[in-house]
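Down below is the structure, laid out as structure tokens.
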Amino acid sequence: MSETETTTELVASKGVVVIADYRLLDADGACLEQSEASNPMVYLHGYRNLMSGLESALEGKKSGDDVSVTLPPEQSYGLRRDNAVERIPVKYLIKPPKKLQPGMRVQVNTKSGPRDATVVKAGRFNVDIDGNHPYAGKSITFELKITRIREATRDEISHGHPHGPDGTAGHHH
């Protein structure tokens, strides 16, 4: 392995792939979600693959670094929109479960493709859904441990996103 291939010398900058374990915390410190060792966060730095505030906090960091950054709703999942709650026919849900329950995450078939939503109220023929992200309106703290940084492949650069931790995940465009 040549010196330019070592992962410890690279820093998070445009054109590198950053692999990190993460935890998302709400304002009270409760863990909303976290990565698993088998499924870390993998992103191509400098290609708008992350929230800008999070990517800025990672700029210049190296493998082994711990990063903690708190982002307001405007820089993370957005403000809650009151007009994002609507009633739609159940037939527009993609693979709905047999028994819809409030709080369930579902996918809705729309003119611009599938989108995620949360069930607010379920009826026999219609469902009230909330199109806001579940963390919309919340300040979120990201705690990350950078486990590896590597050069991006030519394919990753041309596609604008990583193809897995090692750059070889089967991607077909």
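Start at 1 with the first residue, then count along the sequence.
No side-chain donor-acceptor contact under 3.5 Å links S38 to the backbone of E36. Between the side chain of S63 and the backbone N or O of T147, at least one donor-acceptor pair lies under 3.5 Å.
Listed by chain and number, the residues in a side chain to side chain contact (heavy atoms under 4.5 Å, CB included) with E143 are R23, L25, S68, T141 (sequence neighbours excluded). Considering only residues two or more places apart in sequence or on other chains, A117 meets the side chain to side chain contact (heavy atoms under 4.5 Å, CB included) condition with V106, V108, I129. D130 is linked by a side chain to side chain donor-acceptor pair (under 3.5 Å) to R80, N132, counting only residues two or more places apart in sequence or in another chain. For Y92, there are no side chain to side chain donor-acceptor pair (under 3.5 Å) partners two or more places apart in sequence or in a different chain. Considering only residues two or more places apart in sequence or on other chains, R87 meets the side chain to side chain donor-acceptor pair (under 3.5 Å) condition with D128. Partners of R154 by side chain to side chain contact (heavy atoms under 4.5 Å, CB included), not counting sequence neighbours: none found. D26 pairs by the side chain to side chain contact (heavy atoms under 4.5 Å, CB included) definition with D28, A30, L32, not counting sequence neighbours. For Y77, there are no side chain to side chain donor-acceptor pair (under 3.5 Å) partners, not counting sequence neighbours.
Interatomic distance, CD1 of I149 versus CG of D65, reported as 7.5 Å (0.5 Å rounding). Taken to the nearest 0.5 Å, the CG atom of D21 stands 9.0 Å off from the NZ atom of K145. Taken from CG in L71 to NZ in K138, the straight-line distance is 15.0 Å, to the nearest 0.5 Å. A distance of 13.5 Å separates CZ in R124 from CG in L100, rounded to the nearest 0.5 Å. Atom CZ in R150 sits 7.0 Å away from atom CG in D166 (nearest 0.5 Å).
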**OP:** Dump the intermediate steps for side chain to side chain contact (heavy atoms under 4.5 Å, CB included) on Y135 and E33, then the final yes or no.
**Re:** CA-CA 11 Å; Y135 307 148; E33 66 180 62; 3.2 Å; yes
**OP:** Output, in order, the C-alpha distance, side-chain angles, deciding distance and verdict of side chain to side chain contact (heavy atoms under 4.5 Å, CB included) for Y43 and V18.
**Re:** CA-CA 6 Å; Y43 80 96; V18 178; 3.3 Å; yes
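Residues R148 and P40 have side chains not in contact (no heavy-atom distance under 4.5 Å, counting atoms from C-beta outward). Two residues are said to be in side-chain contact when any heavy atoms from C-beta on lie closer than 4.5 Å; N49 and P162 meet this criterion.
Tracing side-chain contacts under 4.5 Å through hydrophobic residues (I, L, V, M, F, W, Y), one never reaches V85 starting from V119; they form parts of separate clusters. Following chains of ILVMFWY side-chain contacts shorter than 4.5 Å, one can reach L144 starting from L50, so the two form part of one hydrophobic cluster. Note on L93 and V120: separate hydrophobic clusters, where clusters join Ile, Leu, Val, Met, Phe, Trp and Tyr whose side-chain heavy atoms are under 4.5 Å apart, directly or indirectly.
Hydrophobic cluster of L79: no remaining members, since no ILVMFWY side chain lies below 4.5 Å from it. In this structure, L44 shares a hydrophobic cluster with V17, I19, V42, Y47, I157, the cluster being traced through Ile, Leu, Val, Met, Phe, Trp and Tyr side chains under 4.5 angstrom apart.
Other residues, nucleotides and ligands place no more than 12 heavy atoms under 6.0 Å from the CG atom of D82. Within a 6.0 Å radius of CD in E74, other residues, nucleotides and ligands contribute more than 12 heavy atoms.
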Would you give me the side-chain donor-acceptor pairs under 3.5 Å for residues 54-61, sequence neighbours excluded?
| from | atom 1 | to | atom 2 | distance (Å) |
| --- | --- | --- | --- | --- |
| E55 | OE2 | G46 | N | 2.7 |
| S56 | OG | S52 | O | 3.0 |
| E59 | OE1 | H45 | NE2 | 2.6 |

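Within the structure, ring-ring contact (aromatic ring centres under 6.0 Å, His included) pairs that include any residue of residues 15-42 do not occur (at least two apart or interchain).
The heavy-atom pair separating G167 from T153 by the smallest distance is O-CG2, 4.3 Å. In terms of heavy-atom proximity, Q101 sits nearest to K99 at NE2-CG, 3.3 Å.
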